[in-house]
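Residue numbers begin at 1 in each chain, while the letters A, B, ... track the order of the sequences.
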Amino acid sequence: MLRITSARVVSQQQQVVASRLLHSSVARLNVTNVPPTSVPGSSSPTAPIENPTPATPSTPNLSSSASSGTPPPRPSQEPKKTYAFRKFLLGVTVLGAIVYGGGVWFALRNDNFHDFYTEYIPFGERIVMIIEEREFQRRFPNAGRKPLEDDKPRVTVHRGGATWKMVGDEYKGPSTGPHVSAVPKDKGEQKAETQKDIVPAPVTPVPAPAVASPAPEPTKQEPLVIKETLLPKLPKFVFDGTIDPSLENVVTSINGLFTALSKAGAAGPEELGALAASLGEVSNKFVTLKAKYESELRENLNQQALVFALQSEKQEQDYKQQIAAVDEKWREGYFEERQRIMDIYKKRLIAELKEFNQVYSARLRNEVAAANAEKDRSFAEKVVETVEKERDSRLSKLKELKAAFEDVTALSAQVDSQLETAEKTAELQLALGSLTNALQAPYTVPLAPIIARIKEVGGEDPLIAAAVAAVPVSAYDGVLTPAQLAARFKLLAPEIRKVSLVPADAGVAGFFGSWLLSKLLWKKEGKPKGTDVESVLARAESALVEGQVVEAVREVNSLDGWRKKLAEDWLAEGRKRSEVEFLARVLGEEGKVWQYKY
Amino acid sequence: MSAVKKTTSEQLLNDKWDVVISNTLVKTALGFGFGVVTSVLFFKRRAFPVWLGIGFGAGRGYAEGDAIFRSGDAGVRIVNP
């Protein structure tokens with residue numbers, strides 16, 4: 001059990017301890033003539049404030065008297081150096097460090113605290129950032145460096161476009177050619193090269209150059225001396241297919257000429273003469289051939305003309321026949337069609353005539369039947385006349401009787417409907433009466449079945465339907481009686497009184513003050529005028545006593561603030577009761593009028 | 001959760017007073033406790049921390065009572081469903 005001690009008592013305790021220690025030490029030293037030191041009761045009232053100096057006046061005596069032996073221990077004689085300020089500083093620093101560090105640690109854990117910490121504590125953000133960075137470094141030591149180079153397969157993309165390369169000694173063009181040396185090739189190689197070109201070609205036009213060449217040649221009788229080295233090698237004509245024998249002569253002679261030319265470089269006139277002769281032969285042959293072919297061609301053409309003429313005649317005849325056939329066909333078709341249409345018309349005509357006959361005969365028959373009926377009727381009339389005359393017009397009496405009978409049935413129907421209406425009215429009145437009874441009962445009666453019955457009976461009337469629909473759903477279980485409402489109000493009134501003096505936006509003091517001071521207010525009775533709480537309560541009370549629920553509700557509704565808030569439930573019940581009363585009155589009035597509507 | 005008891009509007013203030021008074025008492029007691037602990041640990045069993053603690057507790061209780069009376073939700077603890 002803690003004793004609440006004052007500073008004075010603490011110092012007094014210390015004094016007692018000090019004096020006890022002193023006594024014990026004195027006892028040990030066997031010093032007897034030491035007077036008892038400061039007694040707790042005798043110390044001055046002001047001294048206790050300075051704690052460390054309780055028994056200082058007596059210590060020098062003791063020390064001097066005891067200096068003969070070994071110096072006694074001085075446990076608590078000297079003023080204690082407590083280093084309070086330093087301890088305080090140390091404590092504050094340590095506490096601050098702990099709190100700071102704890103704050104940093106907690107900030108790393110909790111997001112909200114982190115936000116608060118970084119915003120309000122000086123240097124807090126920096127420290128937290130440093131620690132976070134370090135942790136990040138620890139977790140992801142490789143972040144920020146370049147990506148690894150060895151792992152993934154590399155795709156090298158060539159730079160598009162042309163690349164250049166040093167053209168040095170590597171490149172060598174074709175080794176032969178005119179750019180290397182202008183020396184002509186070996187003859188054998190040359191002939192082989194040129195013969196390749198000419199071998200596949202068939203007969204080259206011989207006459208033109210051949211004719212040209214002997215023309216200048218025979219004029220020049222001196223042989224052509226051509227140096228071997230300057231002439232190109234002339235080819236020999238070689239043919240694949242068959243040739244005319246005369247042409248063969250030409251070819252051989254040309255070949256001979258060429259060989260002679262190429263060998264000696266000179267063309268002899270005998271070669272040329274032979275060539276000319278052969279060429280003349282050839283041209284004669286050509287002329288004859290041409291003539292022969294021409295005649296043949298003409299004959300062919302004549303034959304062809306004859307054949308065509310025959311053919312055209314035949315075709316003409318064919319066409320004429322075809323046209324005649326088609327013409328014939330169309331004519332036949334036309335006649336056929338005409339015949340068909342005529343047949344159709346005839347049939348139609350016959351049918352119409354038949355119909356007309358039927359209709360006419362039916363009409364005639366009807367007229368006959370009508371005439372018969374007329375005759376019968378006039379006969380019956382005559383009969384009735386005579387019978388009536390005989391029996392003093394009793395038939396008309398029968399008619400009267402029938403009319404009277406009909407009247408009676410109508411009347412009875414009317415009476416039935418009126419009875420129905422009366423029944424309904426009675427039922428409605430019963431239902432309304434039950435509603436009124438329910439409202440006047442001394443206990444709460446559930447209204448749901450009564451309302452349902454009213455709806456059932458009088459639902460066609462729009463006013464009754466509207467009134468039934470307007471009944472609040474919470475009233476279906478029943479409403480409180482005025483007596484019950486009054487009893488409840490008696491419970492409510494004290495609560496309202498407690499709150500009657502509460503100011504706006506009140507706290508504890510406001511409510512407490514209102515409770516206290518409202519006990520001093522006068523309680524009013526009767527129907528006092530005024531808008532203060534006590535008057536309102538008094539008026540409501542007296543209205544309830546009279547059974548005027550509507551008035552009471554109106555009064556309580558005029559309160560405001562806390563007073564109304566406390567009265568809410570009571571008001572709800574009161575309103576329910578008022579509404580149901582009002583609707584019951586409306587229904588009653590309507591019920592009275594209802595029977596006169598139907 | 002047990003069923004909520006329906007209270008009539010007349011008892012509204014009485015319920016609030018219940019909460020306020022009980023709250024104030026609890027807070028005052030807590031303040032008293034803290035005052036005692038502080039006094040023993042740091043202040044050499046002097047009396048003033050205890051009174052200080054009582055004052056703190058009562059003040060807290062009063063302030064919360066004010067809040068409860070002024071707004072409707074102040075004394076209500078909303079539990080997440």
Non-hydrogen atoms of chain B under 4.5 Å away: do they reach the side chain of A/A572, the backbone, both or neither?
neither
Are there more than 12 heavy atoms of other residues, nucleotides or ligands under 6.0 Å from atom CZ of A/F582?
no
Under 3.5 Å: donor-acceptor pair, side chain of A/R563, backbone of A/S500
yes
Please look at A/V499 and chain B and tell me whether the side chain, the backbone, both or neither of the residue comes under 4.5 angstrom of a heavy atom of that chain.
side chain
Any sub-3.5 Å donor-acceptor pair from B/T24's side-chain atoms to B/V20's backbone N or O?
yes
Taking the ring of B/F48 and the ring of B/W51, is the distance between their centroids below 6.0 Å?
no
Within a strict 4.5 Å, meaning less than it, do heavy atoms of the B/T8 and B/Q11 side chains meet?
yes
In terms of heavy-atom contacts, does OH of A/Y476 have more than 12 from other residues, nucleotides or ligands at under 6.0 Å?
yes
To check you understand the geometry: which heavy-atom pair defines the closest contact between B/D66 and A/A509, and what is its length?
OD1-N, 4.4 Å
Does A/E579 pair with A/K576 as a salt bridge, N-O distance under 4.0 Å?
no
Provide the closest heavy-atom pair for B/N14 versus A/K498 in the form atom of the first, atom of the second, distance.
OD1-NZ, 3.3 Å
Within residues 58-65 of chain B, which residues come under 4.5 Å of chain A, heavy atom to heavy atom?
B/Y62, B/G65
Going by distance alone, is a donor N or O of one side chain under 3.5 Å from an acceptor N or O of the other, for A/S535 and A/K524?
yes
Checking heavy atoms, do the side chain of A/W562, its backbone, both or neither come under 4.5 Å from chain B?
side chain
Quick test of your reading of the model: are A/K564 and A/E568 salt-bridged, counting only N-O distances below 4.0 Å?
no
Quick one: which residues of residues 539-553 of chain A reach chain B at under 4.5 angstrom, heavy atoms only?
none
